[in-house]
Structure formats: structure tokens, C-alpha cells
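Chain letters run A, B, ... following the sequence lines, proteins first and then strands; every chain starts at 1.
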4 protein chains.
Amino acid sequence: MEPVLPSRGRKGDAVARILTAATAVFSEAGFGGTRVDEIARRAGVNKATIYYHIGGKETLYGEVIRSVIGNVAEKILAGVKEDQPPEEKMKTYIRSIIMTIENNPRMAPIMMRELASGGAHFPPVVGRDIARIIGTLTDILEEGVKKGIFISTVPFILHMMVIGSLMFYRASAPVRAKLEWIPEVVKQLSAGINEEVAGEIEKLILRAISR
Amino acid sequence: MEPVLPSRGRKGDAVARILTAATAVFSEAGFGGTRVDEIARRAGVNKATIYYHIGGKETLYGEVIRSVIGNVAEKILAGVKEDQPPEEKMKTYIRSIIMTIENNPRMAPIMMRELASGGAHFPPVVGRDIARIIGTLTDILEEGVKKGIFISTVPFILHMMVIGSLMFYRASAPVRAKLEWIPEVVKQLSAGINEEVAGEIEKLILRAISR
Amino acid sequence: MEPVLPSRGRKGDAVARILTAATAVFSEAGFGGTRVDEIARRAGVNKATIYYHIGGKETLYGEVIRSVIGNVAEKILAGVKEDQPPEEKMKTYIRSIIMTIENNPRMAPIMMRELASGGAHFPPVVGRDIARIIGTLTDILEEGVKKGIFISTVPFILHMMVIGSLMFYRASAPVRAKLEWIPEVVKQLSAGINEEVAGEIEKLILRAISR
Amino acid sequence: MEPVLPSRGRKGDAVARILTAATAVFSEAGFGGTRVDEIARRAGVNKATIYYHIGGKETLYGEVIRSVIGNVAEKILAGVKEDQPPEEKMKTYIRSIIMTIENNPRMAPIMMRELASGGAHFPPVVGRDIARIIGTLTDILEEGVKKGIFISTVPFILHMMVIGSLMFYRASAPVRAKLEWIPEVVKQLSAGINEEVAGEIEKLILRAISR
DNA sequence: AATGAATGAGGTTTCATTCAT
DNA sequence: AATGAATGAAACCTCATTCAT
């Protein structure tokens, strides 16, 4: 779609451009729908260059997955400080996820497809990431329960709720824009998760667990 | 994978078997990852039979989409009765979605992939379905607000929350089972949305909007 | 192209309709370009009916060839009477060919394609027909030479000239009509071989051999 | 990067070999009867190479048509000099067509099949070529009429006569050789248009139009 | 480091033919 | 006599990958 000028700059450019293009194409078309030709075209390199630098389609996909959902726990949990009250920690956790999704618009489609295919391509780090996130979330909730401000709930379900809400909202944007019959009110919602939407979701999640 | 007995029964069997097999394969592999050969194998028919009865891969996919997410509003809104109090209506709405997802396990992966690719294959009815669901949900929420039991919120966001939570929970089952490092507690969650999970999500959603 | 009503009349209708349709399709598309489906469609019968009554595509093509260029010598030589002067005999021969071509518009394309593929499907009768025609033509020319009104020439070459001229004129009609850049004068020539064209060709052939 | 001259003589070979093979196969079997596999086999390349360099079967056929009957007017009219008397010009025109047909033995079958299917694949240049040829022929004839040596006739009909005679003679060679019952005299005619045959046809055509 | 050319394996689709009724 | 359904074989075409430079 976006033809790329073959502006060769510094060394290593090629690899970066390949990864960017690959991320775009994989996120738009999925693994099976992606053509290596198309990635090469968008990256402005010869197809063989991809094989020279990176390897096959599978390897390339792995790289993309790693760069998109690798070490995501880091980003999500970075802001959660020990000295915050649990309510603030929850807010930080929610906002971090929102920022992660918004800063990386290719993430939602890729994760949804990966989930749909049973995570066939998830790198090992994903399990550890989920573990860390659920662990921290459990701590936050337990602390809240102890302080009498949260109800007791299942952390994993809550996590699915936050992730699911946000990703579905994000991923539904193109559909909202395209389909006829969708109510005008819905169409006018912002494609990205802007402050209004973020606030609304944050509010609902907190209301759901607040005593 | 499942070899199918070539049990030739009544007429029309072939078409039904083809659609069933196609739904399975498309849901497992996505459009690009699906091989027509595989569908034929699982349906126990010759590949050409698919073309004779239905047409190409694209048409077949369209049929699958139609049968899986066509007229889903019907099922979801069927139980919402006029004389219920808004809280009951919300519960009915949530439970209907859960049942729809559980009765049709192929739905979650297919919808997630479709969403990921911008709904390229959604039939026109999907727009109308979403419109009807959002419409009914809006009515329920407004009624609840009027009666002083619900807070005011954005119906579409709430819908994304319900759908997103449920589909992510459902679709994450294989990943939970497979990945190492996932906490034991999480692994032991049921794959399907059983009563416990359903009740938890229902509870959280209602808490989120209840005044 | 012409959809045919499935008007079942007398018995044997089907076979006749099949042969008519087959002649049309083979003449338009050639053997390789013809689809048995298309013949069935145009004949208004089920594809299997063709196999039931006639046999495979090859057999059907044979039948068409036989009916189109079988015993053509009969028609061409029928009018040549013993008591005519050689000039009249030549005219009769030319006019008979013209009438044969005009009465059977499917003949020209079929013959041209058969010739192009080396007559792979010619039935044995074709050889005998050519022999008879060349024989009679030789007689006519020799008689003319003896009477001092014709020059001596090679009968087969003359035959190719008559047949070639007429078939090329006839077969070029669609091309004349379709291509741009063709001079208006040429476009306005009649598609069929009308009296004017017939007379012109007859005149040229006779001038060519007349002393 | 690209060497100016094909250093090994190997580059571009593939395309040339493909076109040669394609011309042969299409001329022998027609479009519908041609298998891309067969072309690849004869060209000594992998089937995919054809698609890489040229595109699909249809495109390949177009290229063949272009190379076989593209700019044929050039060759036919090249020898016709202004200062020749009209009779010489006619002879040149006839001999040029003969040479064109003889130098390109694939031409006759391809043109005959194309004509039979209404010139579906003729490139635009064909119309212009016919226009130019008819134009020149008209000039020659008018000049002859003015000088009192030609009769008045329809140029297009005369052109069909020349082309038709020659192509039918040429294309009938395999049939003459194969069929039984064909008179020995006819069988012994040369397959190609040798000097004897060329002279005979030239003589007949000139006699036909000479006053 | 990078590429144009080439290819084997396998994809979707077509088609002449047969089968069961 | 006639047909809707079904199919094996083979057609066209694609695509991830490798090769030679």
C-alpha cells in the first residue's frame, strides 16, 4: 500500500525497514495472508534481502511477535509504584495498558489473531509476562481487599476484562467506520482510545471492583 | 485431523458437512491459513464437490461467516422481555451472549480474526445486528438511569466490555493450557465459560454500572 | 449465449439440439476452448444427457465434423452437369462452394481450425471428397484447355485459391466489424458473401484461367 | 549493477526461449489446447519462470500474437517501391506475403485460428496494418487502372484472395501428406510455397486483374 | 550487503466423465 | 430418457525459498 522510496541511509536501515513493513503486513493480513513479496515491496528491499538478513517467513514473524508483545509486562507494570494506594495502582495498570495499545496500533490485531490461533507463535516470554502481570494484579487486589476498598474477585478474569474491552474497542474502529447501519453515535466514537474513552473504561473497571 | 467416515446419508448431507468442516478449519487457521484440501478431507468429500455446491474458497468463507455471526442479534436479544426490570434485562443480555459463545465455540476465533482484519468479510446483516444490540442496550441503560439504579454510561463501550471480556476469556483457554509459566491458578480455570466464570463476569459488569 | 428453453418436444429432439449447440460452440471456441457444460447449457439438456446419447467430447466433435464437412463433395459437385461448357462448369463449381459456405456459416471457422491443426479430426471421407473435387476440377480444366478457352494450371492450387478466398472473406467478417482502423470501405462490405462479392470472385477466378 | 551487455549470453535467454516455445505450441494446439506445462517443457524452464517473466497464459498468448502478426505490414510493404510500374508492385506485394509466410511457418495456423475466433486477441496494430496494406493495394490498383493495364476491382477482396490462397495452400500441407485417398499428384506438391507454386499463384492473380 | 532470476512444492480451480436414481 | 451429484485428473497459478552474481 505505502510504496517506500528506496532511500538507503545508514547501515541497518534495511533490517529496520523490513521489521516495520513486516509488522504492518502481518497485522493487516495475518500470518497466512501475508506475502513475503508484499513485505519486501513495502520495505523497499529485494525479497532475497529479507532471507539474507533475517531468514524465512516464520522467523520474521517470530521477530515481529517478539517486538510487538515481547516484554510487554515491563511497560505495563513499570508505573505501578509500591507506595501508591491500591486504587492508584489499578489506575496506573489500566492506563499503562491503554498507552501500550495506543503506542503500538499493530498490537491489537496481532494479539487477537494469535489468541485466535491458540498462541501458536507466542515466544516463551509471553507466559512469564502474563504470570508477572497476573501476579502484580493479584497483589493489588489483595491489598485493596485488605484495606476494605476492593471486593474479592478473580484476577485473571479482571485482566481479560481490561484487555478484552480495550482491544475490542480498538480493533472495532475500522468496522465501525465501514459498516452501514451502525448508529451515528457509535460511528462518531474516536478510533483510538482517547481520554474520554479511557476515563470511561477506567471508571467502569474501578466501579466493578470497588466496595 | 478428525478423519470422517464417508457415511453417505440423505441428500444435502454434503453441503452441511462441507459447511461444518469449513467452519472448523477457518476458525482454527484463519482464511489465509486454510487449505481447501483440508476442508474436503474433513468433510469427507472430493474437493471438486465443494466447488460444485458452493463455489470458491472466498464464497465458502462468506457462507461460514454468515452462518456463524449472521443474525446473532436475534439470539442475544430474544430473551430480553419488556416486563423485566432493567437489572434483569442486563443479566439476560449478558447471559445470552455467554450462551451464544458457548453454543458456538467456533465463533470467538472467527470474530476475533475478522475484527483484526477490519471486518473485510462481514455480511451486511452484521451492521444491522450491532445497531439492534446497541439500540436495545441503550434502552435498558436509559431505563435503569431513569429508575435511578444505573449510572449513565456509553452503551457501545459497555458492549465492547462484555463481548471483549467473554471472547478474550474464551479464546485464551488454549493459550492458558499450553504456555509454561502461567500460574497454576489460571491454568485451572475452566476452558469454557462455566457458571462460576459467568457469574463473576455478570457480577462485575452489573457492579460497574449500578448506582 | 443463446439460452435455450427446455422445450421438450418429440423424441430425438435432444440429440438434434445437442448437435446444433455443439456445432455452434465448437465453431466459436474450437475443440480445446469448448466446454461440455456450455454445450449442455445451450442445448437445454443436462450434461449427462450428452454422454448418455452421444459419448464423450471427442465423439461429439467427430459427429460435428462429419455433419459439417462430411460429404461436402456431393453438394459442391451436384450442379456440375456433363453437358455444360467448361466455363459454366467452373461457375457452377464456384457458386456451389459459395452456397455451401453460406448455408453453413459454422463451416468456415471449423474448417480453418481443422486445417490449422493438421486435420487431426478429419473423417476418412474428407480425403475422398477432396479427391473427387480435384478430379472433377481437373476434368473441367482439361476440357477447357482442349477447347482453347482455359490456360493450363495446377488444379489443386486453383482449388485452394477458390476455397481460401471465400473462407478468408467469410471468416474475416467479425474482425472487419470489430477492429478500429479498418477503412470504412472495407467495413461496409457485407458479412456474408452476397451477389456482388460472389460475382467479383467468380469474375476474378475465371479471368485468372481464361485464355 | 546490471551489466550493459549480457555478459554470458545467458540472460534474457529464458524469455526468448519461452516465446519461441509458446509460439510453437500455440500454433500447433491453439489457445485452448495449449498447456503451459508443455511450453515450459519445450523452453527448458520451470513453469513458474514463465509467470515470473511474462505473466499468465493469456498474456503469453498476446505476446506471441504480437510477435507473429505485429507490424506485418512493414514487411509486406517494404519492397514496394514508388518507381516500379504497377505490375511490378503487385508482384512485389505478392512475393512479400509469400516470404512472410514462409519465413514464419507458425504464422498461418495462428492467423487462421485467430480469424476463426473473430480475432479476439488481435492487438490494435493489426487493424492499422490491414488499413495500410489495403491502402497501398488500392493505390497500386488505381494506378494500374489509370495506366490501362488493370481492371477495376475491390482491393479487399483481392487481398483476401492472395492471403487466403497462400495460407490455405500452406496450411493444407500436413493434411495433404496425411490423408489417404488424396491424389498422388496433389501429395507430391511441396509442403512449402516453392518457386513453382509461388510463380503459379503470382501468375493467376496477375491474370485475374490484368486487362 | 544486496539483488534479479529461477524454482519445487503446493495452492485453487476447472473439466470431462461417471454414478445413482 | 434424463438428471443432479459427485469425482479424479489435471489445469493454471502462487509463493516461500534458493542461486548466482
Side-chain angles (χ1 to χ4, degrees), chain A residues 6 8 11-15 18 32-40 44-53 55-61, chain B residues 6 8 11-15 18 32-40 44-60, chain C residues 6 8 11-15 18 32-40 44-53 55-61, chain D residues 1-3 7-8 10-15 18 32-40 44-60:
Chain A
R8 305 276 149 58
K11 282 198 173 191
D13 254 21
V15 171
I18 289 167
T34 288
R35 307 287 160 251
V36 176
D37 266 321
E38 173 69 6
I39 294 174
V45 302
N46 185 278
K47 210 183 353 175
T49 307
I50 294 174
Y51 287 85
Y52 177 75
H53 280 297
K57 189 183 177 184
E58 201 93 29
T59 311
L60 181 52
Y61 186 63
Chain B
R8 303 274 150 58
K11 274 198 174 187
D13 255 21
V15 171
I18 289 167
T34 289
R35 307 289 157 237
V36 176
D37 266 329
E38 174 68 8
I39 294 174
V45 301
N46 186 282
K47 217 184 339 176
T49 305
I50 294 174
Y51 289 86
Y52 174 72
H53 282 294
I54 292 175
K57 191 182 174 183
E58 201 95 29
T59 311
L60 180 52
Chain C
R8 305 277 149 58
K11 281 198 172 191
D13 253 20
V15 171
I18 289 167
T34 288
R35 307 288 162 249
V36 177
D37 265 321
E38 173 69 6
I39 294 174
V45 302
N46 186 279
K47 209 182 356 171
T49 307
I50 294 175
Y51 287 85
Y52 178 75
H53 280 296
K57 189 183 176 182
E58 202 94 28
T59 310
L60 181 52
Y61 185 63
Chain D
M1 208 55 196
E2 330 131 64
S7 52
R8 287 288 226 83
R10 217 60 191 125
K11 273 207 176 182
D13 257 21
V15 172
I18 289 167
T34 289
R35 307 289 157 237
V36 176
D37 266 327
E38 173 68 9
I39 294 174
V45 301
N46 186 283
K47 214 186 341 176
T49 305
I50 295 175
Y51 289 87
Y52 174 73
H53 281 294
I54 292 176
K57 190 182 175 184
E58 201 96 28
T59 310
L60 181 52

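- Following rounding to the nearest Å, B/I54 (CD1) and E/dT12 (P) show an atom-to-atom distance of 15 Å.
- Both B/A48 and D/G55 lie near DNA chain F, and the one whose nearest nucleotide falls closer to the 5' end is B/A48.
- One can place CG of A/L60 at 13 Å from C1' of F/dT17, the figure rounded to the nearest angstrom.
- When the side-chain nitrogen and oxygen atoms of D/Y51 are compared with OP1 and OP2 of F/dT14, none of them lie within a distance under 4.0 Å.
- At E/dA1, none of the side-chain N or O atoms of A/T49 fall inside 4.0 Å of OP1 or OP2 (strictly under the cut-off).
- Inter-residue side-chain proximity for C/Y51 and C/V36 is flagged as met; some heavy-atom pair is nearer than 4.5 Å.
- Taking atom CD1 of residue B/I18 and atom P of nucleotide F/dA5, one finds them 11 Å apart after rounding to whole Å.
- Here E/dA2 sits opposite F/dT21 as a Watson-Crick or G-U wobble pair (both hydrogen-bonding atom distances under 3.5 Å).
- C/T59 OG1 to C/I50 CD1: the interatomic distance, rounded to the nearest 0.5 Å, is 12.0 Å.
- Contact annotation: D/H53 side-chain N/O to E/dA5 OP1/OP2 distance is not under 4.0 Å.
- Put simply, A/R35 has a side-chain N or O that comes within less than 4.0 Å of OP1 or OP2 on F/dA16.
- Although no hydrogens or angles enter the test, the distance criterion places a donor-acceptor pair under 3.5 Å between the side chain of D/K57 and the main chain of D/T34.
- With a cut-off of 3.5 Å on both pairing distances, the Watson-Crick or G-U wobble partner of F/dC13 is E/dG10.
- Of the inter-residue distances, the one linking B/I54 atom CD1 with B/I18 atom CD1 reads 4.5 Å to the nearest 0.5 angstrom.
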* To do: In sequence, state the C-alpha distance, the side-chain angles, and the governing distance for D/Y52 and D/N46, and then conclude on side-chain contact (heavy atoms from CB on, under 4.5 Å).
  => CA-CA 10 Å; D/Y52 174 73; D/N46 186 283; over 6 Å; no

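- Here the nucleotide nearest the side chain of B/V45, chosen from F/dT3, E/dT13, F/dT7, is F/dT7.
- A/T59 comes within contact range of no nucleotide atom at all, as no heavy-atom separation falls under 4.0 Å.
- Counting only heavy atoms from C-beta on, D/A14 has its side chain closest to E/dA6 among E/dT14, E/dA6, E/dT12.
- Taking only distance into account, the side chain of A/K47 never meets the base of E/dT3 through a donor-acceptor pair shorter than 3.5 Å.
- For the OP1/OP2 pair of F/dG8 and a distance below 4.0 Å, the side-chain nitrogens and oxygens of B/N46 include at least one atom meeting the criterion.
- Side-chain atoms of C/Y52 come within donor-acceptor range of the base of F/dA1, with a qualifying N/O pair under 3.5 Å.
- Across the protein-nucleic acid pair, D/I39 atom CD1 and F/dC13 atom C1' stand 14 Å apart, rounded to whole Å.
- Comparing C/G32 and D/I50 along DNA chain E, the residue whose closest nucleotide (by nearest heavy atom) sits nearer the 5' end is D/I50.
- The nearest heavy atom of DNA chain E to C/D37 and to B/D37 marks one nucleotide each, and the one closer to the 5' end goes with B/D37.
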